[in-house]
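First the structure, in the form of structure tokens, and then the observations on it.
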Amino acid sequence: MVVTRFAPSPTGFLHIGGARTALFNWLFARHHQGTFLLRIEDTDRKRSTDEAVDAILNGMRWLDLTWDGEPISQFTRSGRHAEIARQLLDEGKAYRCYCTPEELAEMRDAARAAGSARLYDGRWRDRDPKEAPDGIDPVIRLKVPEGGGTVIQDIIQGEVRVGHDQLDDMILLRADGTPTYMLAVVVDDHDMGITHVIRGDDHLTNAFRQARIYAALGWNMPVMAHMPLLHGSDGTKLSKRHGALGVEAYRDMGFLPEAVNNYLLRLGWSHGDKEIIDRGQAIEWFDVKDVGKAAARFDMDKLTSLNGHYIREAEDDRLVELILPGLENELGETVGEAARQRLLNGMSGLKERAKNTLELIENSLFYVRKRPLSLTPKAAKILDAEGCGMIEHIRPNLAQLEDWSREGIETAAREVAEAADAKLGAVAQPLRAALTGSNVSPGIFEVMEVLGQDETLGRLDDALAAPAPPTGAAQD
RNA sequence: GUCCCCAUCGUCUAGCGGCCUAGGACAUCGGCCUCUCACGCCGAAAACGGGGGUUCGAGUCCCCCUGGGGACGCCA
């Protein structure tokens, strides 16, 4: 039985790196038909907020990373943590330390100057508690063995070892009686039955410290898997500048959750030459041991490309629902039933041209805008005397057209072009300008089919009624 | 500073001693398709950081250097 967990601290949104950690834990659990738990590491009361908890939960819901059971608040378990600390104290595996913050700072400076990794010198380790000064609340520290070292068998990092001279007697329980992260993680992972800890490799050195706590408690340590961190496009630590945004920011930028998941999965993990990997395949193929050891850089272009793919694959009605709020916001009014139907009918041509839903909204607007349309400068230029002449030419044919299908319309357009000894584009572009207000759109005969005969003729009349600029006059 | 980790095209990666004249994807640049823009298709350019070993043979194993990254809190 596999039990994994994602354990974010609620001090902000679910950033993209955290999302990847969550995804890997989720995939690993699902692959093994195991359990994926969520634990909120909210022991730092000063920095934890309910808003952050909501943001993280919503981010995971958006990515469809469903957790099993209720999220566990670490803070609510502090009694249990303290109990374990006292147990260690009673067993002589931990001790009280009465150092003041100032003393600690001095020690730290001295250790740094001496090039030592051991920041605390263990001065209260074997000191008689009777010497305890008055008025100072002690912390509880773990006794880390003097000699030897600790070895971690990490399924990603391999065998990693560190000497005990690198570890100092870490604090388990703070002076105010609250547990430190180091203690809380170990106790919670144990109590929750976590079998595999999959997290960022910024925790690798913590694993050694935690190993000492497991050893002192006589507990089995879960299997460790420390995955490389995500880097920014410039190779430095991921910052807001290059993508360390909350996942909701990606949603707002028009990304689809399946694209984000697919992209995140391929960062540091691969399955041969596969690039497009759906949920089912991901679950089937994923294994933490295949995660690479090198840090990966975040690349917005590749995410965008993947997003374009998933938009093209998405169901039309889903996309309509997705962009409706944005469209109405842009329009300043609700989209009526007829317009909505137009969107649905035009979606297949629309979605092929968008790499995010923001673009999709932008490109869909002409379908739902009310007459008369305003023209972009380029569209206005196309509708010069010559362009309008072409529209005047074709309008009667369209008005009489009985087969109002894209094929029927195209045939009519070709006939007009041929009669005028012009290329099809000479007809199509003015139509496009008049019907969409732009020089770029889906295939214009498809657009006309979707718009319907009445709307099409109406929009053409609007264009003819507007004062046409002299040929070649308008600039873009 | 100390400890740990990493190192293939610009980026994500395949490669697990001979299948590598190093493959795929994104981005870039050509071309085709074409009513515009996309999509799609075809093609080009583009990498094993350096130096030593081991071996008949090294991108693949070992060492050193260099270059990145991470950790060193009564934060998590």
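Numbers restart at 1 for each chain; the letters A, B, ... are given by sequence-line order, proteins then strands. When reading the values below, keep in mind they use all heavy atoms of this one structure, side chains included, and skip hydrogens, waters and symmetry mates. All values derive from a computational prediction rather than experimental measurement.
Using C1' as the reference atom, B/C42 and B/U34 are 16 Å apart when rounded to the nearest Å. Nucleotides B/A71 and B/U28, compared at atom C1', are 38 Å apart to the nearest Å. The gap from the P atom of B/C16 to that of B/U36 amounts to 46 Å, rounded to the nearest Å. Taking atom C1' on both nucleotides, B/G68 is separated from B/U11 by 16 Å, rounded to a whole Å. B/A46 sits 30 Å from B/C37 when the P atoms are compared, rounded to a whole Å. Nucleotides B/A45 and B/G52 have their C1' atoms positioned 33 Å apart, rounded to a whole Å. Straight-line distance between the P atoms of B/C5 and B/U55: roughly 27 Å, to the nearest whole Å. Taking atom P in both B/C20 and B/A27, the straight-line distance is 27 Å, to the nearest Å.
Applying the Watson-Crick and G-U wobble criteria (two distances, each under 3.5 Å), B/C72 pairs with B/G1. With a cut-off of 3.5 Å on both Watson-Crick or G-U wobble distances, the partner of B/G10 is given as B/C26. Pair assignment for B/G40: B/C32, on the basis of Watson-Crick or G-U wobble contacts that are both within less than 3.5 Å. As the counterpart of B/G18, B/C56 is assigned, both hydrogen-bonding distances of the Watson-Crick or G-U wobble pattern falling under 3.5 Å.
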>> So if I define the base as every atom that isn't primed, P, OP1 or OP2, how would nucleotides 21-37 of chain B read as a B/S/- string at a heavy-atom cutoff under 4.0 Å?
In response: --BBBSS-------BBB
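Checked by atom type, the side-chain pair A/T178/A/R174 shows a donor-acceptor distance below 3.5 Å. Donor-acceptor pairing under 3.5 Å is recorded for the side chains of A/S441 and A/R432. At a cut-off of 3.5 Å, with distance as the only test, no side-chain donor of A/N439 or A/Q429 sits close to an acceptor on the other residue.
We find that CD of A/E159 is positioned 10 Å from P of B/C5, with the value rounded to whole Å. The separation between A/R161 atom CZ and B/U2 atom C1' is 19 Å, rounded to whole Å. Straight-line distance from the CG atom of A/L350 to the P atom of B/C39: 15 Å, rounded to whole Å. In this entry the distance linking CG of A/L360 with P of B/C39 reads 15 Å, nearest Å. Summarising the geometry, the separation between NZ on A/K351 and P on B/G40 is reported as 14 Å, rounded to the nearest angstrom. Summarising the geometry, the separation between NE2 on A/H271 and C1' on B/G15 is reported as 15 Å, rounded to the nearest angstrom. If you measure from atom CG of A/D154 to atom P of B/G70, you get 18 Å, rounded to the nearest angstrom. Atom CG of A/L230 is separated from atom P of B/C6 by 18 Å (rounded to the nearest Å).
Classification of A/E418 and A/R414 as a salt-bridged pair fails, no side-chain N sitting under 4.0 Å from a carboxylate O.
Under the 6.0 Å cut-off for aromatic ring centres, A/H81 and A/Y181 do not qualify, their centroids lying 6.0 Å or more apart. Centroid-to-centroid, the aromatic rings of A/Y98 and A/W124 come within less than 6.0 Å. For A/Y263 and A/F255, the gap between ring centers reaches or exceeds 6.0 Å. Ring centroids of A/W67 and A/F6 are separated by 6.0 Å or more, keeping the two rings apart.
Taking the nucleotide of RNA chain B with the nearest heavy atom to each of A/R20 and A/R312, the more 5' of the two is matched to A/R20.
When atom types are taken as modelled, the side chain of A/Q453 and the backbone of A/L401 share a donor-acceptor pair closer than 3.5 angstrom. For the pair A/N307 (side chain) and A/K355 (backbone), a donor-acceptor distance under 3.5 Å is present.
Crowding of A/R161 atom CZ: a count of heavy atoms from other residues, nucleotides or ligands under 6.0 Å not exceeding 12.
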N/O contacts under 3.5 Å, protein versus nucleotides 72-76 of chain B?
residue, atom, partner, partner atom, Å
B/C74, O3', A/R174, NE, 3.3
B/C74, O2, A/A175, N, 3.0
B/C74, N4, A/C99, O, 3.1
B/C75, OP2, A/R174, NE, 2.1
B/C75, OP2, A/R174, NH2, 3.4
B/C75, O3', A/R174, NH2, 3.1
B/C75, O2', A/D44, OD2, 2.7
B/C75, O2', A/R47, NH2, 3.2
B/C75, O2, A/R47, NH2, 3.1
B/A76, OP1, A/T43, OG1, 3.0
B/A76, OP1, A/R174, NH2, 2.3
B/A76, OP2, A/R174, NH2, 2.7
B/A76, OP2, A/Y181, N, 3.0
B/A76, O3', A/E41, O, 3.4
B/A76, O3', A/E41, OE1, 3.3
B/A76, O2', A/S9, OG, 3.2
B/A76, N6, A/N206, OD1, 3.4
B/A76, N6, A/N206, ND2, 3.4
B/A76, N1, A/N206, ND2, 3.2

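Nucleic acid contact class of A/G292 (heavy atoms, under 4.0 Å, all strands): none.
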